[in-house]
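All figures in this text were calculated on a predicted structure; none of them were measured in a lab. We name chains A, B, ... by the order of the sequence lines, and we start the count at 1 in each one.
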Amino acid sequence: MKLAFSIAKRFLTSGKTQTLMIALGIAIGVSVQVFIGSLISGLQNSLVDKTIGSSSQITVKAAETGNYISDYADKIIVIEGVSTDIEIVSPAVNQSGALVNSESSEPVLARGFDFSRANDIYQFDQKLVEGRLPVSNNEVVLGIDLYNTMALSLNDTVEFQVPLVGTTSFTVVGVYDFNVKQINQTWILTNLDTLQDLLSIGDEVSQIEMQVKDVFAAEELALVVETTLEDSNLTVDNWIAQNAELLSGLQGQSISSLMIQIFVMVSVVLGISSVLAITVLQKSKQIGILKAMGIKDKDASLVFLFEGLILGILGAILGVLFGLGLSYMFTTFAIGADGNPVVPLYIDFGFIALSAGIAVAAATIASLIPARKSSKLSVIEVIRNA
Amino acid sequence: MPKILELKKINKIYGENTKVPTQVLFDIDLSFEESSFNSIIGQSGSGKSTLLNILGTLDKPSNGSVLINQIETSKMKKNQLSNLRNETIGFIFQFHYLLPEFTALENVLMPYQISKRPITKEVLARANELLDLVGLEKVKNNLSINMSGGQQQRTAIARSLMNQPKIILADEPTGNLDSDTTEQIYELLREINKKYKTTFIIITHDRHIAEKADRIIEIKDGRINLDITK
Ligand SMILES: Nc1ncnc2c1ncn2[C@@H]1O[C@H](COP(=O)(O)OP(=O)(O)OP(=O)(O)O)[C@@H](O)[C@H]1O
Ligand SMILES: [Mg+2]
């Protein structure tokens, strides 16, 4: 091993330009991988984040509409025990109705939350543009669009009317902006108690909402939650089931990213193996001499395997540096009007390590053919063709 | 004297499976005694190199057997042959064949490194001693491509001696050297032959040199034409 390695090292250092060119070839492949990979996962992450980052990813509801979940506090404890991948569990009461003041009446969805929990899902505090979140009963926060449509101001009183149930009055304590017109126009936020009182449902809730660590595992986790709760009165929904289109879009991206990476790798492998095949020809005289002196076929082939390995490692290191440099340049120069990068890159070091590892493996595999050639080279052929 | 090398009924046919097979060696029976100094002469194309390559297990005869140290080599595995060459045979080729990526000293050490034993101080000292012996103390750290033809040839000689082989096979080792250097090198080989009891088989076209050997074998058209032992 040491013998083959030291010969390989010497062969590479004695042809520095050639070595550098091959390493650069590999490096370009790796840097493209790192860059494209970071770009695509950046795109996906921002898309996923925008779509489901601030919403419930798994939701437990009553199986029949109009029913509520009792003993929700116990159920939350059970759910929290299912998996550490479930990061946030938050109860909510939903009730649609009309928000009414002297001038207008708007259809709304009142959402009652335990803000200490729900804030982790929805980041209300960051979305508040005026005022504060509700702290006591009958305080409400409105979306900016609704707030403007109804021409309200803070501390105004509005009526919330629910047909067949009753009416209660709210004090406007804050205004939020979710950047989504439909939510801004319809959601009004209050605490659990307020809606529970209005609906006279005691300590029951409409749904239990969750966020999970890996959003793509939501479907499996939802299933686990369902089997753990084992309650036929409840159903468990998840974002994947509700957003099939988004998911297939993401998968399409992943596949195209994978295809790009495979093709880059294939061209790297072909490049390296053809260059190494030429080096075997270049070095056939040396291999012949070494064999005459008694080097084993195995060691003669190891020389080229090591060449591939060294070139792979060199190329991978250079490639990762180039790739990160390229990503850095992209995030610095390709910025939108708001000063943020057009596409936020996602630098995943696991993925980068994988790309580098694949490049090293590919370079080594690419050197198998030349290694075989070297092993098969007959001494007499070389000695005779001086 | 025991026989260190023996050829029995060696035939060599090139292109056996083609339409124009050419037989180069015909029923060669030949044996060499330990620590003898032998020369092989003959016209160009008579089959000398072919014979030497078969003796050194670099090439295989079409039929017949090669015995080294009384051991039949045709049944040996490739790795066993590699070991045999590494330990018992030193080669000096007509075209010196150094590794251009390595220095003179590294080239001399290479047969030892191939044996995968650790390079000790003694081993290094021995390599340096051999380079001194062939008069290369000043250029031993030069890359082999940065040496003259004669220096390269002498490096190749030092290299062939590195593993203290019992047999040295040389194919016109002084083919491209001037007569003074040629003379020096033969003196050197003779000295080594006396000192280490190394068996030498040397191809040469220089009759003057050949006559200094203990035994002269002349090959003609693939057959032994003359075999004179002094
Ligand atoms: N691979 C081969 N295929 C066919 N014929 C070959 C091959 N190698 C050698 N020969 C022939 O075998 C004969 C002997 O060649 P060899 O190299 O042994 O001669 P030689 O005595 O060493 O000659 P020189 O003194 O020129 O080196 C020559 O006629 C040569 O053409
Ligand atoms: Mg010849």
Quiz item: Where do A/L290 and B/L99 come nearest, in terms of heavy atoms and distance?
Solution: CD2-CD1, 3.8 Å
Quiz prompt | Segment of B/E87 engaging chain A (4.5 angstrom heavy-atom cut-off) | solution = neither
Self-check item: B/K166 atom NZ, over 12 foreign heavy atoms within 6.0 Å
Solution: no
Can you give the donor-acceptor pairs under 3.5 Å from side chains of residues 312-323 of chain A to other protein atoms, not counting sequence neighbours?
none

Self-check item: Residues, nucleotides or ligands: over 12 heavy atoms within 6.0 Å of A/R10 CZ
Solution: yes
Exercise. Look up atom CD1 in A/I289 and atom CZ in B/F91, then write down how far apart they are to the nearest 0.5 Å.
Key: 12.5 Å
Quiz prompt | Atom pair NZ/CG of B/K78 and A/D297 - distance to nearest 0.5 Å | solution = 4.0 Å
Quiz item: In terms of heavy-atom pairs under 4.5 Å with chain A, which of B/Q113, B/E101, B/E106 leads?
Solution: B/E101
Self-check item: Side-chain donor-acceptor pair present, B/N83, A/K296, cut-off under 3.5 Å
Solution: yes
Quiz item: So which part of A/I295 gets closer than 4.5 Å to some heavy atom of chain B, the side chain, the backbone, both or neither?
Solution: both
Quiz item: Can you tell me how far CE of A/M293 sits from OH of B/Y97, rounded to the nearest 0.5 angstrom?
Solution: 12.5 Å
Quiz prompt | Rounded distance [0.5 Å steps], CG in B/L58 versus CD1 in A/I380 | solution = 5.5 Å
Quiz item: Counting only heavy atoms not in A/Q282, do more than 12 fall under 6.0 Å of its CD?
Solution: yes
Quiz item: Do A/D299 and B/K116 come close enough that some side-chain heavy atom pair is under 4.5 Å?
Solution: yes
Quiz item: Does CZ in A/F263 sit with more than 12 non-hydrogen atoms of other residues, nucleotides or ligands closer than 6.0 Å?
Solution: no
Exercise. Below 4.5 Å from any heavy atom of chain B, which atoms of A/K283 appear? Answer side chain, backbone, both or neither.
Key: side chain
Quiz item: Measuring from A/S14:OG to B/L143:CG, what's the distance to the nearest 0.5 Å?
Solution: 8.5 Å
Quiz item: Is there a donor-acceptor pair under 3.5 Å between the side chain of B/R85 and the backbone N or O of A/K291?
Solution: yes
Practice problem: Mark yes when over 12 heavy atoms from residues, nucleotides or ligands other than A/Y328 sit less than 6.0 Å from its OH; otherwise mark no. | Solution: no
Quiz item: About how many Å separate OG of A/S6 and CE of B/M110, when rounded to the nearest 0.5 Å?
Solution: 6.5 Å
Practice problem: Verify the neighbour count for atom CG of B/D221: are there more than 12 heavy atoms of other residues, nucleotides or ligands below 6.0 Å? | Solution: no
